[in-house]
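Quick caveat, the model's predicted, so the values are computed rather than measured.
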Amino acid sequence: MNLKISIPILSKDSETAKAIQFTFPVSNTYNKTVKHWIPISQIYEIHPNRVVIADWIAKKLELI
């Protein structure tokens, strides 16, 4: 069973055929950000200010 999690994003920066690069805010900081490539197969939904991804990749990238 795939668990999904909604993560806030600041922007969608780049896109290839296999992955999308997003800028995420770093939790518990005021103005730091981090960029990560997320495989398209692990993205469920993209909203203007959030992305819904598989929870295992969010944990691996330390987004949660």
Side-chain angles (χ1 to χ4, degrees):
M1 182 170 134
N2 291 335
L3 298 176
K4 302 174 186 177
I5 188 159
S6 178
I7 304 285
I9 60 171
L10 297 176
S11 65
K12 177 179 161 187
D13 301 322
S14 188
E15 185 173 348
T16 67
K18 295 185 179 185
I20 300 174
Q21 184 181 38
F22 294 100
T23 300
F24 298 96
V26 176
S27 61
N28 300 327
T29 61
Y30 178 66
N31 59 358
K32 292 186 180 181
T33 61
V34 63
K35 293 185 179 190
H36 288 296
W37 286 93
I38 307 293
I40 290 177
S41 63
Q42 301 304 313
I43 299 171
Y44 296 102
E45 299 174 23
I46 300 173
H47 301 280
N49 61 349
R50 300 191 79 69
V51 64
V52 179
I53 60 175
D55 74 328
W56 74 267
I57 199 155
K59 290 176 185 173
K60 180 180 177 186
L61 297 175
E62 298 178 353
L63 296 171
I64 56 171

Joint cluster assignment, Val26 & Val51, ILVMFWY side-chain distance < 4.5 Å = yes
request  = Report whether Ile20 and Val52 are members of the same hydrophobic cluster (ILVMFWY, side-chain heavy atoms less than 4.5 Å apart, transitive linking).
outcome  = no
As an exercise, state the distance from [atom1] of [X] to [atom2] of [Y], rounded to the nearest 0.5 Å.
X     : Y     : atom1 : atom2 : result
Asn49 : Ser6  : CG    : OG    : 8.0 Å
Phe24 : Ile38 : CZ    : CD1   : 4.5 Å
Thr33 : Leu10 : OG1   : CG    : 6.5 Å
Ile9  : Gln21 : CD1   : CD    : 11.5 Å
Trp37 : Thr16 : CH2   : OG1   : 5.0 Å

remark   = Between Phe22 and Ile43, the two heavy atoms sitting closest are CE1-CD1, 3.8 Å
query = Of the non-hydrogen atoms in Pro8 and Pro25, which two are nearest, and what is the gap between them?
reply = O-CD, 3.4 Å
Could you give the side-chain donor-acceptor pairs of residues 53-62 under 3.5 Å, partners two or more places apart or in another chain?
from	atom 1	to	atom 2	distance (Å)
Trp56	NE1	Gln42	OE1	3.0

request  = With sequence neighbours left out, write down each residue that passes side-chain hydrogen bond (donor to acceptor under 3.5 Å, both in side chains) with Glu15, or none if nothing qualifies.
outcome  = Lys12
key: Side chains of Leu63 and Ile5 in contact at under 4.5 Å (non-hydrogen atoms)   = no
